Peer 1: 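Got a structure here, written out as structure tokens. Questions coming.
Just so it is clear: chains get the letters A, B, ... in the order the sequence lines come, proteins before strands, and each one is counted from 1. Note that this is a predicted model, so its numbers are computed, not measured.
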Amino acid sequence: MHPRPKLFHGKFRLGNISPGNKHSLRPFSSDNNPLPIVTELISNQHWRSLKTHLLDANATTLLQQLLDSRIDPCLTLRYYKWSEEEFNLSHSLEHSCMLLHSLANSKEYSKMRSFLYGFVKNENHISVSSIFHAISISGDSFCAGSIIADMLILTYVNHMRSHLGFEAFKRAGDYGFKLSVMSCNPLLSALVKNEKVEHMEYVYKEMIRRRIEVNVISFNTVVNGLCKVGKLNKASDVVLDMKAWGILPDVITYNTLIGGYCKKGRIGKMYKADAILKEMIASEVRPNEITFNILIDGFCKDENLSAAMKVFGEMQTQGLKPTVVTYNSLINTLCLEGKLDEAFCMLDEMVGSGLKPNVVTYNALINGYCKKGKMKEATNLFDDAVRQGISPTVITYNTLIDAYCKCGRMEDAFALRESMVDRGIFPNVSTYNCLIAGLCREGNIAVVRKLINEMQNKGLKVDFVTYNILVGALCKDGQSRKAARLLDEMVKIGLRPNHVTYNTLMDGYCREENLRAALNVKTQMEKERMWPNVVTYNVLIKGLCKKGKLKDANGLLNEMLEKGLVPNRTTYEIVKEEMVDKGFVPDIEGHLYNISGS
DNA sequence: TTAGGGTTAG
């Protein structure tokens, strides 16, 4: 492809002289109007004859004349494409936009779409601002300009350029072009997918401010974006907004909100999810299979299998048939709890009801075997899946690779990595993370370095999990100070340390009995508005107890409760072994017996 | 153009 010339400012100028035509620049004269003949030639695709005619003019001048005339813009488009190809030239952005204006006026939308793709597909694309400038000066129909802007945004979004789509959305506002849901909804959705929720919020607010038409899909997408980043209160506010706009929440709105609470909600999240379900039913929106699947999976992830099974029963009472997804959630949970027999019973039930297990089902079961270290059975299941015509995915391989690493069979792990490539499945960051973690366990730092280099050569970026593994490895090796420096490195490359990162580092300091440093990490977390979780407290309480600082540990226990965090089984074990058994009675003793009994 | 399930780090 040839880079297009920059936009011509001011009046159109004669440029782009076609090769082999250097001696003659005379345009077609008005008294000897060749347009009817030229139109005829283009229409019949008599390109050779047209080329002969062009000896008297240049390609750009003819384009200008076609654009100035009232001829069918589709013919002008045909000529535009042919002349670019034939004379190895790029028409100006202004001419391109003039053509887009006439295509828009003739409602030739599909032709506009493919034409606009030309603006987007090149890596060295034309800047959004110059396109908008060209749109505004190359036609006087505000309506056509709006359509072009709208389609341009959609083109960016459809070709994975949502950042440019977002920029174009802002520009469209500057020029006052009126956009539609046809482009704004896909833009909202793309911004959510690319985790640009703040940009999504901006687009949403602007849609309302600019009085762009919004529909139930716009609201649902916004609710989904907010749920994904845990802004659940804001998501609920958007549901109120939509009602205020006279748009009633539908089953997707409610499912999204319930799913948001199931995944990101904190204490009592399932209670809240259940409350939304009740509100949904009260609003006469009927829950569907997906509603039940979300709830079942929510209870499963909340380690409440009995509640999940109850919802599973309720689903069937309501006359809804469980789907593959329903069974997969339950099978996965049973596998993670080590209840493989029950998982296989569930599989039988699933098959018995006419459902075919898919790769997710197999991945869950393979993982079940892997977690028990039953590699032979896991491999057999893998072969079984392949025989059934189910193609393994990168997750299937990662599951097996991780299991081999965890039982110290590094050679088998690396061999599997080779065989996945043979199958055309390429290792991803997680594959490398599993291998790196395995090598770290063995203390084989030299190979870890080699793997990280290899990843980078393959264009794979290390992620926060990679760093967390490395932080953990250094901490275990008594090099917590060095691990702390990795956190700075993470921030430098744009990765945000998460709870695991901080908790791992804190644990390292506690092992080194450097409690001051460990408590400083907690302060650092709080400064970053990353609120300590149960694991944070468990690590610190254990560290303080080991140093005999039982009163301080007790203080932290109280702080944890005041913050509404629920102590878990590990908390109980620490407190029992380190405090109660040593004759110290913590303030939360009664509370702890409740947990131990649960 | 909107909602659900499977792998890796504490």
Peer 1: Between A:Phe169 and A:Arg210, is there a cation-pi geometry (under 6.0 Å to ring centre, at most 45° from the normal)?
Peer 2: yes
Peer 1: For B:dT8, does OP1 or OP2 lie under 4.0 Å from any side-chain N or O of A:Lys371?
Peer 2: yes
Peer 1: Side chain of A:Asn503, heavy atoms from C-beta onward: which of B:dA3, B:dG10, B:dT1 has the nearest atom to it?
Peer 2: B:dG10
Peer 1: So, A:Glu454 and A:Lys458, do they make that salt bridge, N to O below 4.0 Å?
Peer 2: yes
Peer 1: For the side chain of A:Arg441, starting at C-beta, report the closest nucleotide among B:dA9, B:dT7, B:dA3.
Peer 2: B:dA9
Peer 1: Nearest-Å distance, CG (A:Asp250) to C1' (B:dT1)?
Peer 2: 13 Å
Peer 1: Determine whether the aromatic ring centres of A:Phe312 and A:Tyr327 lie less than 6.0 Å apart.
Peer 2: yes
Peer 1: Kindly write out the residues that satisfy side chain to side chain contact (heavy atoms under 4.5 Å, CB included) with A:Asn358, not counting sequence neighbours, or none if the list is empty.
Peer 2: A:Val324, A:Asn328, A:Val360, A:Thr361
Peer 1: Side chain of A:Val359 only, please: which of B:dA3, B:dA9, B:dG6 is the nearest?
Peer 2: B:dG6
Peer 1: CE of A:Met525 versus C1' of B:dG10: gap in Å, rounded?
Peer 2: 11 Å
Peer 1: I need the residues from residues 423-431 of chain A with at least one non-hydrogen atom less than 4.0 Å from DNA chain B; give them sorted by number, or say none.
Peer 2: A:Ser430
Peer 1: Could you pull out all residues at least two apart from A:Lys339 that satisfy salt bridge (Lys or Arg N to Asp or Glu O under 4.0 Å)?
Peer 2: A:Glu337
Peer 1: Can you identify which nucleotide, out of B:dT2, B:dT7, B:dA9, has its nearest atom closest to the A:Asn498 side chain?
Peer 2: B:dA9
Peer 1: Using a strict 4.0 Å threshold on nitrogen-to-oxygen distance, state whether A:Glu526 and A:Lys522 make a salt bridge.
Peer 2: yes
Peer 1: Identify, with sequence neighbours excluded, every residue that meets side chain to side chain contact (heavy atoms under 4.5 Å, CB included) alongside A:Glu513.
Peer 2: A:Lys547
Peer 1: Picking from B:dA3, B:dG6, B:dA9, which would you name as closest to the side chain of A:Ile252?
Peer 2: B:dA3
Peer 1: Using the side-chain heavy atoms of A:Leu336, tell me which of these nucleotides is nearest: B:dG6, B:dT7, B:dT1.
Peer 2: B:dT7
Peer 1: At under 4.0 Å between heavy atoms, what does A:Thr323 touch on the DNA or RNA strands: base, sugar-phosphate, or nothing?
Peer 2: base
Peer 1: In whole Å, what is the span from the CZ atom of A:Phe219 to the P atom of B:dT1?
Peer 2: 20 Å
Peer 1: Could you state the CG-P distance from A:Leu188 to B:dA3, rounded to the nearest angstrom?
Peer 2: 12 Å
Peer 1: Atom CG of A:Leu191 to atom C1' of B:dT2: distance rounded to whole Å?
Peer 2: 14 Å
Peer 1: Taking only residues two or more places apart in sequence, or in another chain, which ones meet A:Tyr202 in a ring-ring contact (aromatic ring centres under 6.0 Å, His included)?
Peer 2: A:Phe166
Peer 1: Identify every side-chain donor-acceptor pair in residues 227-235 of chain A under 3.5 Å, counting partners at least two apart or on other chains, and give the distances.
Peer 2:
unit_1	atom_1	unit_2	atom_2	d
A:Lys228	NZ	A:Asn224	OD1	3.4
A:Lys231	NZ	A:Glu201	OE2	2.9
A:Lys234	NZ	A:Glu201	OE1	2.8

Peer 1: Can you list the residues that meet the side chain to side chain contact (heavy atoms under 4.5 Å, CB included) rule with A:Ile252, with sequence neighbours excluded?
Peer 2: A:Asn220, A:Asp250, A:Thr256
Peer 1: Using a heavy-atom distance cut-off of less than 4.0 Å, which residues of residues 223-248 of chain A contact DNA chain B?
Peer 2: A:Asn224
Peer 1: What is the distance, to the nearest angstrom, from the CZ atom on A:Arg496 to the C1' atom on B:dA9?
Peer 2: 17 Å
Peer 1: Quick one: A:Glu337 CD to B:dG6 C1', roughly how many Å, whole number?
Peer 2: 16 Å
Peer 1: At under 4.0 Å between heavy atoms, what does A:Val157 touch on the DNA or RNA strands: base, sugar-phosphate, or nothing?
Peer 2: nothing
Peer 1: Determine the contact category for A:Asn158: base if any of its heavy atoms lies under 4.0 Å from a base atom, sugar-phosphate if only primed atoms, P, OP1 or OP2 are that close, otherwise nothing.
Peer 2: nothing
Peer 1: Going by heavy atoms closer than 4.0 Å, what residues in residues 388-409 of chain A are next to DNA chain B?
Peer 2: A:Thr393, A:Ile395, A:Asn398, A:Thr399, A:Asp402, A:Lys406
Peer 1: Do A:Asn428 and A:Asn398 have side-chain atoms, one donor and one acceptor, less than 3.5 Å apart?
Peer 2: yes
Peer 1: Could you pull out all residues at least two apart from A:Thr323 that satisfy side chain to side chain contact (heavy atoms under 4.5 Å, CB included)?
Peer 2: A:Glu289, A:Asn293, A:Val325, A:Thr326
Peer 1: Could you please name the option among B:dG10, B:dT2, B:dT8 that lies closest to any side-chain atom of A:His499?
Peer 2: B:dG10
Peer 1: Which residues pass the salt bridge (Lys or Arg N to Asp or Glu O under 4.0 Å) test with A:Glu578, not counting sequence neighbours?
Peer 2: A:Lys546, A:Lys582
Peer 1: Please work out which residues in residues 458-480 of chain A have a non-hydrogen atom less than 4.0 Å from an atom of DNA chain B and list them by number.
Peer 2: A:Phe464, A:Val465, A:Asn468, A:Ile469
Peer 1: Can you see whether A:Asn304 engages A:Ser306 through a side-chain donor-acceptor pair at a distance of less than 3.5 angstrom?
Peer 2: yes
Peer 1: Figure out the CE/C1' separation between A:Met350 and B:dG6, and round it to whole Å.
Peer 2: 12 Å
Peer 1: Verify the distance criterion only: is there a donor paired with an acceptor across the side chains of A:Asn367 and A:Lys371 at less than 3.5 Å?
Peer 2: yes
